[in-house]
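A quick write-up on the structure given underneath.
Whatever order the structure lists ligands and atoms in, that order sets their numbers, starting from 1.
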Amino acid sequence: MSKRIDVKNLDIYYSDFLAVKDVSVTIEPRSVTALIGPSGCGKSTFLRSLNRMHEVIPGAHVQGEVIIDGENLYGKGVDPVNVRRKVGMVFQKPNPFPTMSIRENVLAGVKLNNKRINKKDADELVETSLRGANLWNEVKDRLEKPGSGLSGGQQQRLCIARTIAVKPEVVLMDEPCSALDPISTLAVEDLIAELKENYTIVIVTHNMQQAARCSDRTGFFNIEGTGKPGQLVEFDDTQKIFNNPTQKATEDYISGRFG
Ligand SMILES: Nc1ncnc2c1ncn2[C@@H]1O[C@H](COP(=O)(O)OP(=O)(O)OP(=O)(O)O)[C@@H](O)[C@H]1O
Ligand SMILES: [Mg+2]
């Protein structure tokens with residue numbers, strides 16, 4: 001299920017504003033890639049361009065290619081809805097549907113895709129997705145209770161269960177732990193480590209320890225000044241980025257000298 005992502009000369013715009021310039025990078029399957037860099041350098045913008053969520057914003061567009069499994073996501077005739085099914089996304093703030101039960105939340109994405117599913121298959125999918133998200137044991141006795149009644153960390157794992165229930169190939173996460181306490185953060189990190197057996201994962205984080213702990217490769221984005229586009233300055237094995245980066249800007253950032 002897991003897929004490799006090839007980004008080629010990607011420029012990302014908000015109307016006339018070039019927010020991210022000329023990114024070329026290959027993201028390997030069954031790996032975790034962390035994206036780091038100072039605020040406003042375009043990490044979220046880049047992440048959203050990997051499943052065409054960027055275009056939801058009026059005037060937003062890209063130039064260049066994002067190739068997953070041999071297909072350019074931005075090719076003619078490609079349906080963005082299909083892209084978002086293949087490339088799932090988990091947001092910074094857990095966003096379960098508040099009026100829906102835990103069970104309905106897990107199935108929400110599947111139902112949005114107009115998939116018919118019988119009760120038995122739905123039950124199975126709910127269980128495997130919640131198990132996959134390390135949440136099953138905590139919620140199995142209250143599946144009909146509202147998703148909003150869970151703790152923040154549980155809600156984030158519920159959102160991860162909802163994302164993996166549609167069986168995506170890639171999972172994008174934008175600061176998925178920034179609203180969580182340290183224990184829940186570690187639970188989500190454990191989960192990420194398990195998910196990479198099956199998925200290609202790209203995670204944006206401001207937490208250097210988190211990037212170092214849970215990623216195989218790390219990309220450092222930077223910006224030269226306000227109004228300038230963000231750029232991918234360095235992309236390498238996480239060990240290399242944190243121990244012996246090639247670029248001075250990377251070194252300065254990871255050692256906390258700016259940002
Ligand atoms: N909806 C939008 N419309 C116009 N410009 C935007 C929009 N969203 C982001 N930008 C601009 O694009 C640039 C990159 O923003 P982005 O949110 O991708 O940064 P980021 O690296 O994720 O920052 P942070 O670490 O604070 O989340 C910034 O200059 C930002 O102001
Ligand atoms: Mg962001």
Lys/Arg-Asp/Glu bridge criterion (N-O < 4.0 Å) met for Arg52, Glu55: yes
4.5 Å side-chain heavy-atom contact, Leu172 and Asn51: yes
Residues Asp174 and Lys43 bridged, charged N to O under 4.0 Å: no
Parallel, tilted or perpendicular, as decided by the 30° and 60° cut-offs, for the rings of His61 and Tyr13: parallel
Nearest-option assignment for atom 7 (C) of ligand 1, heavy atoms, candidates Phe46, Tyr14, Phe221: Tyr14
Distance from atom 28 (C) of ligand 1 to nearest protein heavy atom, with residue and atom: Gly40 O, 3.7 Å
Polar atom proximity, Cys41 to ligand 1 (N or O, under 3.5 Å): yes
For atom 17 (O) of ligand 1, closest protein heavy-atom neighbour: Ser44 CB, 4.0 Å
Shortest protein heavy-atom distance from atom 16 (P) of ligand 1, along with the residue and atom involved: Thr45 OG1, 3.5 Å
Ligand 1 atoms in contact with Gly42 (distance to a heavy atom under 4.0 Å): 14 (C), 16 (P), 18 (O), 19 (O), 20 (P), 21 (O)
Side chains of Phe91 and Met53 in contact at under 4.5 Å (non-hydrogen atoms): yes
4.0 Å heavy-atom contact, Glu175 with ligand 1: yes
Atoms of ligand 1 close to His206 [distance to a heavy atom under 4.0 angstrom, numbered from 1]: 24 (P), 25 (O)
Centroid-centroid under 6.0 Å between Phe235 and Phe220 rings: no
Heavy atoms from other residues, nucleotides or ligands near CD of Gln247 exceed 12 (cutoff 6.0 Å): yes
Atom 26 (O) of ligand 1 [closest protein heavy-atom partner, distance rounded to 0.1 Å]: Ser39 OG, 2.5 Å
Ligand 1 contact by Phe17, heavy-atom criterion under 4.0 angstrom: yes
Distance, nearest 0.5 Å, that separates CG of Leu35 from OG1 of Thr218: 8.5 Å
Crowding at CD, Gln239 (>12 non-hydrogen neighbours, <6.0 Å): no
Distance filter under 4.0 Å to Ile57 heavy atoms, resulting ligand 1 atoms: 1 (N)
The Mg ion (ligand 2) reached by Thr45 (N, O or S, under 2.8 Å): no
Gly230 heavy atom under 4.0 Å from ligand 1: no
Ligand-side contact atoms (ligand 1) for residue partner Ala19, heavy atom cut-off under 4.0 Å: 12 (O)
